[in-house]
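Lettering of chains follows the sequences in order, A, B, ..., and the numbering in each one begins at 1.
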Amino acid sequence: MSLDRRDFFKTMGIAGLTLAIGNESSAKPVGNQETEFFGMLFDATLCIGCGSCLKACSKSNQLPAPEGEIEPGVIQKTSESRRAVINNYNTSKGEVYIRNQCMHCNEPACAAACLTKAMHKTKEGPVVWDADRCMGCRYCMVSCPFDVPKFEYHSANPRIQKCDMCYSRIEKGKIPACAEACGDALIFGTRRELIAEARKRITENPDDYVDQIYGEHVAGGTGVIYLSPVPFKELGVKQGLQNASYPSLSKGFLYSVPSVFIILPTLLLGIHEATKTNEQNHEH
Amino acid sequence: MNISSKQIESLKLREPGTPMIKFLWEQLKPRGAWLTPFNLISIPIIFLGIGLIVIRFWKGIGSITNLTQETPWGLWIGFDVVTGVAFAGGAYVITFMVYILKIRKYHSIVRVTVLNGFLAYVFYAGALLLDLGRPWNVVNPIIGNGFGTSSVLFLVAWHFLLYMIAELIEFSPAIAEWLGAKRAHKILSGMTIAAVIFGITLSTLHQSGLGALYLMAKDKIHPLWYSEFIPVLFLVSSVFAGLSMVIFEGSITHKVFSDKISDSNHKAHHGIIHGLSKICTAAMFAYFFLQLLVFIHGKHWTYLNTSMGYWYLVEMIGFVVIPMLIYFIGYRRNKLLLIRIAAILTMLGIIINRLNVTVIGFRWDATPHYVPSWMEIVVTLTVIFTEIWIFRWVINRMPVLQESPSWVEESK
Ligand code: SF4
Ligand code: SF4
Ligand code: SF4
C-alpha cells in the first residue's frame, strides 16, 4: 500500500469536522427579534399608489424608469430591471395598493443557498448581492420562497437583480431612496421599532387594520413587514408559507454530512478488512 | 466476425519500451469505419450544439433557453445533472460489491462502470458550467472567495470535484496499462481501496445531496413530489438507476465491442446481469415502500384525483411497480430479455422522476410553465453524444473490456 491509510482517513475526518463547524456557525440565525437590524414597514392603509417610491428606486439604482400604470387588476411583477412594484387590488374594502420587493428575511433562504456567499445578510439587516463572488448558478432564485431574486438572462455578464434596501445609502447614514421618497406609507427603521409601531397602529385603530403583521413570523420573520386593511390573501401576498425559516429545511441534511463522513469510511474499511481475512482463510 | 490484422494490431496495448510520442500519435488517429449511423447522427448535432453554446456565451443564457424568473433551473440541471448523476450511481454500487464485499463475479465490469461514472461526472459537471451565468467565478467556492458552507450546493460542488478525482484514481491503472507505465501502475493500483472508500462515501452524500438541493423549494414543488425525504429517495433510487444503466450499457457494449471482450468475460456477462436484477428488485422494493410511506405520511389522497395525481400514478405504477415485477420475474426465470426490458423501463422511470421533481412539478402552477427550447435539447444531446465519443475512444484503446497486458500479471 503506497498511501498511508491512516493519514488518509485522518485528513478526511478533519475535512468532515471543518464542514461541521462551518455549518454550525453559518447556519445560525443571522438575526432574530432581539438583534437590532434595519427593516421597512409598508402600511397599505396609507399608500395612495403615487409610485414615487418606484421612480426613486429606479433612479437611485440606474434602472429604466417604471413603465405601465398602476391600475386595478393589472398585476406587475418585479423583474431584472425593476426592484419593486406596486399593485392595486380590488378588495372587500375597495381598492388597496400594495408593494412588492425583497423581504430581507431574518434568515434568508437565498443566502443559505448561495455557495459563494455572494448573497448574504449584512449585520445592518439588508440582504445584498456581491458581483465578484456570484457565479450565476441561480440557486438563490430556486430557494427564495418569495421568488425575489431576478436574473439577467439576456446578458453575457448577467447580474442578480433585487432590492438591497439601498445598502450603499444605509452605509452612508442615509435611508433607502424609496422610503425617503414616500415618508408616509413606507417607513424605515430598526425591525424592533417597526414591529412596535405596527402593533401600536393596530391597537389604536382596530377598525382600520386586520390584526396581522405580515412578515412578523412568516418564513422565520422578515425585515420588511406589512400592515393591511384587508386580509392579506386579498392582496396577492404569498400565502401558505411556513413560519419556520427556510434554511431550517436543509439543516438536518447538512448536519448529517460530517457524521456520514466519519462513520461510513470506517464502516467500509471494517468490512473490507473482514472480507480480506475471509478470502485468505478460504485460500489457505 | 472476422477481425482484420489491422484491428488486431490496433488492439495491442503499448508494451513498455515503444516511444511515447509515436504511440500517442497513433492512438489519437481515428479508427474503423466512419459512416456509421451513430456518427451520421451525432456529428451534425455536436456541431450544431457547439454553435449554440457559442451563442449562449455571447448573448446570455436567455438567448437559447426558455428559462424564466420563476423557473431558473431547467433541462440542463434537471436532466443533464440530476438525472445523469443518478445513472452514474452504478460505479459506487459495483465498486462496493467488488472491492469491499469482494464479490469476484462482478470484477470484469468494474472498469467499464467506473469509466462510465467518471465520464458522466465530467460531462454533467461540464454541462453545469454552461448553465452558470458567471462561469468565470466557478472557482470561488473552491478557492474560498466565500465558503457558503450552509449551502447544499456548496457540498454538492465539492463532492463532485473530489469524486471525479477518486474515480480518476480508480480508473487510472487502466490508463497506466495503456501507456505501459509500470511504476505508475503499481502506485496507482495501491491507491485503489482508499479511492473506492472515499468514492462510495462521496457518492452517498451527493446522490442524496442532489435531492437535498430542492429542500428549500418546499412551496414550489408539487406536494406529491416534495417531501423532507427527497434526499433518501434520491439515494435509494440511485442504486437501481445506476445498476439498470450498467445492465443497459453492458448489453450494448457487449454487442458493439464484442471483439474486445475475452471469452471468459463473455460467459460471465449472463451471470452478472442476472445477479444485478436481483439487487434491482430489492432496491426498487425498498424505494416503492418508502414512496408509499411518504405518500401516506403526507396525506396526499386529495391530490390523486387531479391531472398531476394521474401522472404520479403513472410514475409509481408504470415505472416503479411494473419494472420491479419484470425484474423479479426476469430474475426468477433467468431471462435476460425480461431483465433488459425492466432496465429500460426503470431508466425511463428515473428520468420521469427526476424531471418531475426538478422541472415538471417545479412551479407546476406558474403560467406559462417552463418547457425546454429545442436548443436546450440539442445542447443536452451534444453533451451526451460527446461523452459517448470519448467513451468509445477509450474503450477502443485502453484495457477496459479487454484483458490487461501481460506485464501486469508478471509484475505482481
Ligand atoms: S425575500 Fe427572498 S431574496 Fe429577499 S431575503 Fe428573503 S429569501 Fe432572500
Ligand atoms: S446566483 Fe449568485 S448569488 Fe445566487 S446562489 Fe448562485 S452564486 Fe449565490
Ligand atoms: S430599498 Fe432601495 S432598492 Fe429597495 S425598493 Fe427601495 S429604493 Fe429600491
Side-chain angles (χ1 to χ4, degrees), chain A residues 1-3 5 8 12 19 22-23 26-27 77 79-80 109 111-118 130 132-139 141-143 145 147 150-158 238 240-242 246-247 249-250 252-254 257 260-261 264-265 268-269 271-272 275-276 278-279, chain B residues 57-63 65 67-70 72-73 96 99-102 128 131-138 140-141 145-157 186-187 190-191 193-194 196-198 200-201 204-205 208-209 212-220 228 231 362:
Chain A
M1 188 106 217
S2 49
L3 188 112
R5 221 181 263 165
F8 177 74
M12 222 156 69
L19 285 177
N23 289 340
S26 60
K77 287 182 185 168
S79 67
E80 61 267 48
C114 183
L115 71 173
T116 63
K117 290 201 168 135
D130 178 349
D132 293 335
R133 287 182 172 173
C134 174
M135 51 193 237
C137 67
R138 308 188 295 288
Y139 187 33
M141 302 169 71
V142 171
S143 302
D147 268 341
K150 300 281 148 51
F151 185 74
E152 297 174 335
Y153 282 109
H154 291 277
S155 159
N157 182 9
K238 277 256 161 87
L241 300 186
Q242 62 174 19
Y246 278 75
L249 289 169
S250 46
F253 175 80
L254 287 167
V257 169
V260 172
F261 243 110
L264 195 56
L268 291 173
L269 194 62
I271 306 175
H272 173 71
T275 46
K276 196 194 272 171
N278 257 347
E279 246 184 9
Chain B
F57 278 107
W58 179 30
K59 298 218 151 165
I61 296 177
S63 58
T65 69
L67 295 173
T68 65
Q69 304 294 358
E70 280 84 20
W73 284 0
F96 174 71
Y99 292 110
I100 306 294
L101 297 182
K102 308 253 169 36
L128 201 68
D131 203 70
L132 290 184
R134 308 167 66 85
W136 52 90
N137 278 341
V138 69
N140 280 354
N145 186 9
F147 275 149
T149 46
S150 61
S151 169
V152 179
L153 192 57
F154 177 78
L155 283 175
V156 170
K186 204 156 183 202
I187 298 170
M191 291 162 72
I193 279 299
V196 163
I197 291 180
F198 198 40
I200 294 170
T201 309
T204 51
L205 284 170
S208 50
L213 278 182
Y214 287 85
L215 286 176
M216 277 198 279
K218 187 182 177 194
D219 308 290
K220 302 187 183 182
E228 66 219 80
F362 189 88

Rounding to 0.5 Å, atoms CZ (A/R138) and CD (B/Q69) come to a distance of 9.5 Å
For A/A113 versus B/L153, what's the shortest heavy-atom pair and its separation? O-CB, 4.4 Å
Comparing A/N157, A/I271, A/L241 against chain B, the one with the most heavy-atom pairs below 4.5 Å turns out to be A/N157
Does a side-chain heavy-atom distance below 4.5 Å link B/I61 with A/F151? yes
Between OH of A/Y246 and CG of B/D219, what distance do you get to the nearest 0.5 Å? 3.5 Å
From the list A/G252, A/S143, A/A118, the residue making the most non-hydrogen contacts under 4.5 Å with chain B is A/S143
Quick one: closest heavy-atom pair of B/F154 and A/L115, and the distance? CD1-O, 3.5 Å
Identify the heavy atoms of A/P158 and B/W136 that sit nearest to each other, and give their distance. CD-CH2, 4.5 Å
Can you tell which part of A/S155 gets under 4.5 Å to a heavy atom of chain B, answering side chain, backbone, both or neither? backbone
Got a second to check how far A/C134's SG is from B/N145's CG, nearest 0.5 Å? 11.5 Å
Does the B/K220 side chain pair with the main chain of A/P145, one donor and one acceptor, at a distance under 3.5 Å? no
Part of B/P231 within contact of chain A (heavy atom distance under 4.5 Å): side chain
Counting heavy-atom pairs closer than 4.5 Å to chain B, which one of A/S79, A/A109, A/A112 comes out on top? A/A112
Parallel, tilted or perpendicular: which fits the ring planes of A/Y139 and B/W73, with parallel below 30° and perpendicular above 60°? parallel
Measure the OH-CG distance between B/Y99 and A/L268 for me, rounded to the nearest 0.5 Å. 14.5 Å
Is there a donor-acceptor pair under 3.5 Å between the side chain of B/T201 and the backbone N or O of A/F261? no
For B/P141 versus A/T116, what's the shortest heavy-atom pair and its separation? CD-CG2, 3.5 Å
Identify which part of B/T68 has an atom lying under 4.5 Å from any heavy atom of chain A, answering side chain, backbone, both or neither. backbone
Atom CH2 of residue position B/W58 - does it have more than 12 heavy atoms of other residues, nucleotides or ligands inside 6.0 Å? no
Rounded distance (nearest 0.5 Å) linking atom CE of A/M135 with atom CG of B/L128: 7.0 Å
Which region of A/F253, side chain (C-beta onward) or backbone (N, CA, C, O), has a non-hydrogen atom less than 4.5 Å from a non-hydrogen atom of chain B, or is it both or neither? side chain
Scanning both residues in full, the closest heavy-atom pair of A/A111 with B/S150 reads O-OG, 4.4 Å
Residue pair B/N137 / A/R133, side-chain donor-acceptor N/O under 3.5 Å: no
Is A/K117 reaching over with its side chain to a backbone N or O of B/F147, donor-acceptor style, under 3.5 angstrom? yes
Using heavy-atom distances under 4.5 Å, tell me whether B/A157 contacts chain A through its side chain, its backbone, both, or neither. side chain
Where on A/C114 is there a heavy atom nearer than 4.5 Å to chain B: the side chain, the backbone, both, or neither? backbone
Sub-3.5 Å donor-acceptor pair from the side chain of B/N140 to the main-chain atoms of A/D132, do we have one? yes
For A/S250 and B/L215, work out which heavy atoms get closest and say how close. CA-CD1, 3.9 Å
How many angstroms lie between atom NE2 of A/H272 and atom CD1 of B/I193, to the nearest 0.5 angstrom? 4.0 Å
